[in-house]
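To start, the structure itself, in structure tokens.
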Amino acid sequence: MTWASRAEAAQQALEQLYWNPSIRLYDIEIPCEDGACNTIFHYWWMAHAVDALVDGLGRTGDAAYKERLAAIHDGLLARNGGAFPNELYDDMEWMAIAWLRAYQATGEERYKDAALVLWEDIQTGWNDHMGGGIAWQKSQLDYKNTPANAPAVILAARLYREFGRDEDLHWGLRIYAWLKSNLVDPASGFVWDGMNRTGDGAIDKDWKFTYCQGVFIGAGVELYRCTGNEAYITDAVRTAEAARAELVCPETGLLPDEGDGDGGLFKGILVRYWGELTEVAPTETKSIELLVQQADMLWQEGRDAERNVFSTSWGSKPSDRVTLSTQLSGIMLLEQLALLEKRGLLAEAKGEVRQG
């Protein structure tokens, strides 16, 4: 069974088990009889659902993915009061990244419009508190963190490559410089979560999240694509090495279980941008091997084989309840393996030996 077919099986589980046509959004968990589970609007989870749909569309070209993108676009607008902006800058960045990719995959102008409207709003988050950076949310402008800055770099760089506006690249370079100076450990390259959360200027060095590493890796990859400056790849590779050293369990070889709430998405974000790193740095074979190891364990040990849904731990079976965030992370991992497979980078990677 190919990685592409495994990714498709996971995508079909998303469609069949999670899609709720009455709200034109995904249920936030299963089981969810009559949509009773949807007590919270997880805006940023839906952004990553859009991203996952674009992955499926790129892999298959299947019009069903385009139809689902159109439906979720309308469902999001309806649920969010008729417009895409919200109070959280990081949430808007995830959404803008996803709709920009959807525009690139489909040519739908309304998806481009969504990304550009969000980007204009995101820029208002930059201020002089803590020497710069984009705030986490509009009601707390002095709290700066990696999730509100690294994705903004990814977005700005991709907008520059798509539309050629110099100001977008300038934004990306400025945000990256602030982030690297303030929230990246100069000794190791490990990325800290945030600073001044409680108003005391302190850096949350004990918050060691996978997705903070992933988005900084992604930011470096995108600026390299824009500028050709190898220093950005050096930064990304260094952070990838730090993430392996700090976060991968030496006994199991697996990334950590970060729970089934927002944390259910964290590993998926890391592996997405780890995959992006292998595209610009194909000699980064350790990253390829790590991705294969994660996916092999997920498919063999972390999956409910009957439903094709996944656990928060990629090394153990899921319970009956599986959140959307957790399912999306599994899909993003499998889609990355499908891309590596398509690019012919798996032949010598360790771990790709099991079938079925």
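What you see below is based on every heavy atom in this structure, not just the backbone, and it leaves out hydrogens, waters and symmetry mates. Nothing fancy with the numbering, it's 1 onward along the sequence.
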Would you call Arg272 and Glu279 a salt bridge, using N to O less than 4.0 angstrom? no
Ignoring hydrogens and angles, tell me if any N or O in the side chain of Lys138 forms a donor-acceptor pair with the backbone of Asn86 under 3.5 Å. yes
Cationic N near anionic O, under 4.0 Å, Glu162 to Arg101: no
Picking from Leu290, Leu291, Val292, what satisfies side chain to side chain contact (heavy atoms under 4.5 Å, CB included) with Gln294? Leu290
Polar contact flag, side-chain donor to acceptor under 3.5 angstrom, Thr210-Glu258: yes
Exercise: do Asn145 and Asp193 side chains pair donor with acceptor under 3.5 Å: no
NZ/NE/NH1/NH2 to OD/OE distance under 4.0 Å, Lys317 and Asp304: no
Salt-bridge present (Arg110, Asp74; N to O < 4.0 Å): yes
Carboxylate-amine/guanidinium proximity below 4.0 Å for Asp260 and Arg321: yes
Scan side-chain atoms only and decide if Asp262 and Trp44 contain a donor-acceptor pair under the 3.5 Å cut-off. yes
Geometric class of the Trp119/Trp171 ring pair [parallel <30°, tilted 30-60°, perpendicular >60°]: perpendicular
Once ring pair (Phe, Tyr, Trp, His ring centres under 6.0 Å) is applied, do any residues pair with Trp178, and if so which ones, sequence neighbours excluded? none
Full working for side-chain hydrogen bond (donor to acceptor under 3.5 Å, both in side chains) between Ser311 and Ser313: CA-CA 5 Å; Ser311 173; Ser313 165; 4.9 Å; no
Side-chain donor-acceptor pair under 3.5 Å between Asp55 and Tyr65, yes or no? no
Work out which heavy atom in Ile28 is nearest to a heavy atom in Asn38; give both atom names and the distance. N-OD1, 3.0 Å
If we check ring pair (Phe, Tyr, Trp, His ring centres under 6.0 Å) with His48, which of these qualifies: Tyr211, Trp94, Phe266? Trp94
Lys NZ or Arg CZ of Arg174 over Trp126 ring: under 6.0 Å, within 45°: yes
What residues, two or more places apart in sequence or in another chain, satisfy side chain to side chain contact (heavy atoms under 4.5 Å, CB included) together with Lys286? Arg244
With sequence neighbours excluded, residues passing ring pair (Phe, Tyr, Trp, His ring centres under 6.0 Å) with Tyr143: Trp136
Report yes or no: do Ser329 and Thr326 form a side-chain donor-acceptor pair below 3.5 Å? no
